[in-house]
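Before any comments, here is the structure.
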Amino acid sequence: MWYFLNVIFNILNKKIYNYFPYPYFVSVIHLFVGVIYCLISWAVGLPKRAPIDSNLLKLLIPVAVCHALGHVTSNVSFAAVAVSFTHTIKALEPFFNAAASQFILGQSIPLTLWLSLAPVVIGVSMASLTELSFNWTGFISAMISNISFTYRSIYSKKAMTDMDSTNVYAYISIIALFVCIPPAIIFEGPQLMKHGFTDAIAKVGMTKFISDLFWVGMFYHLYNQLATNTLERVAPLTHAVGNVLKRVFVIGFSILAFGNKISTQTGIGTAIAIAGVAMYSFIKARMEEEKRQMKAA
């Protein structure tokens, strides 16, 4: 279900950008629909809302800000280039995670882990050089998204609580929504009021426009919620395999859905990058498993 919802979200999201190129506003809609879903879920007690205090709020705000920035920049990239290319660039996320762990958290990263990231960097470089949809807005936005999600991971470790993942993600979504609204108003508000909404309605009709925005928000929230719930319940190695396969699924289905033409070099580069992510994930998962076994012993 995690993969299925992710693929549907990416395809529908890109289709919306083809007739409504306003990623800041669409990012707000993603979060807004998710927040409404969370509030209704809390109202009926599925799940029961976990209480929050000022101390927990202070821990969650940095996570939510990074989540908001990463989400918006991902959408700017999705709107600017092919979905498959954005996901290829986002394959670099483990590289940023390793760099942050070593140079910010002061954790020692083994040479084998760094070496496993070399194919990721080489593969992404190869894909970028010959990607037919390449532009700097899409590339830089995807890179900023990588950095944002890296910091989200760092702050998430500090914000680990006894609260269940469903409630944590709900609170993060609410805070992120408030973070995303001002940039959407500043950067896209005038164009939206002038011609953005009217152009979209003229192209697809009011019913389809509202329906598309509602469903893309639902698919965004549900795939993230399922990913959070799933990864909470599986071993690190399963987590690693799941993340790699998810990216393969999204890239493959987006190419089929949109008929994107990719050069041979882009295809080879993407394959090398994904293989590198798989190697990195397996090595890191094995290291985490060994640490856990040592602690248990």
Side-chain angles (χ1 to χ4, degrees), residues 1-47 49 64 67-80 83 86-87 145 165-230 246 249-250 253-254 257-258:
M1 286 301 293
W2 169 27
Y3 287 7
F4 171 73
L5 293 171
N6 199 323
V7 167
I8 297 299
F9 162 74
N10 276 278
I11 291 172
L12 180 56
N13 204 40
K14 185 61 178 179
K15 284 184 176 179
I16 290 171
Y17 289 135
N18 287 340
Y19 70 81
F20 186 68
Y22 297 94
Y24 287 87
F25 177 78
V26 174
S27 297
V28 169
I29 293 297
H30 291 162
L31 292 166
F32 177 75
V33 173
V35 167
I36 296 300
Y37 177 90
C38 292
L39 295 177
I40 293 172
S41 298
W42 278 340
V44 298
L46 294 170
R49 186 181 72 84
H67 178 68
L69 180 58
H71 177 51
V72 170
T73 49
S74 290
N75 277 293
V76 171
S77 183
F78 286 138
V83 173
T86 298
H87 277 279
S145 174
S165 60
T166 302
N167 273 290
V168 168
Y169 186 67
Y171 282 120
I172 287 171
S173 295
I174 293 168
I175 300 166
L177 174 62
F178 285 104
V179 174
C180 288
I181 289 173
I185 294 171
I186 294 167
F187 292 115
E188 294 178 346
Q191 299 100 303
L192 285 170
M193 298 307 295
K194 190 175 180 181
H195 55 77
F197 293 123
T198 52
D199 286 355
I201 293 167
K203 287 175 184 174
V204 299
M206 175 75 80
T207 303
K208 179 171 172 52
F209 179 49
I210 293 174
S211 173
D212 281 355
L213 290 178
F214 169 75
W215 282 113
V216 80
M218 281 299 295
F219 283 123
Y220 171 76
H221 180 80
L222 290 175
Y223 102 71
N224 273 291
Q225 187 63 74
L226 272 175
T228 305
N229 295 152
T230 302
K246 181 204 78 173
F249 262 70
V250 173
F253 276 100
S254 67
F258 297 105

Subject >> pair Phe25-Leu213: side-chain heavy atoms closer than 4.5 Å >> reply: yes

Original post:
Any side-chain heavy atom of Asn75 sitting closer than 4.5 Å to one from Tyr17?
Top reply: yes

Subject >> Candidate pair Arg49 and Tyr171, rule side-chain contact (heavy atoms from CB on, under 4.5 Å), full reasoning >> reply: CA-CA 10 Å; Arg49 186 181 72 84; Tyr171 282 120; 2.8 Å; yes

Subject >> Tyr22 and His195 aromatic ring geometry - parallel, tilted or perpendicular at 30°/60° bounds >> reply: tilted

**OP:** Any salt bridge (charged side-chain N to carboxylate O under 4.0 Å, His left out) involving residues 210-230? Give me the pairs, sequence neighbours left out, ordered by first then second residue.
**Re:** Lys208-Asp212

Subject >> Approximate separation, where rounding is to 0.5 Å, of His71 NE2 and Thr73 OG1 >> reply: 9.5 Å

Original post:
How about Ile8 and Tyr223: do any of their side-chain heavy atoms sit closer than 4.5 Å?
Top reply: no

**OP:** Determine, using ring centers only, whether Phe78 and His87 are less than 6.0 Å apart.
**Re:** yes

**OP:** Determine whether Trp215 and Val33 make a side-chain contact, defined as any pair of heavy atoms from C-beta on separated by less than 4.5 Å.
**Re:** no

**OP:** Could you tell me how the ring of His30 sits relative to the ring of Tyr220: parallel (under 30°), tilted (30 to 60°) or perpendicular (over 60°)?
**Re:** parallel

Original post:
Pairs in or reaching into residues 189-206: which pass salt bridge (charged side-chain N to carboxylate O under 4.0 Å, His left out), with residues at least two apart or in two chains?
Top reply: none

Subject >> Point-to-point distance, once rounded to the nearest 0.5 Å, from CD1 of Ile172 to CG of Asn167 >> reply: 11.0 Å

**OP:** Working to the nearest 0.5 Å, report the span between CZ of Phe32 and CZ of Phe214.
**Re:** 11.0 Å

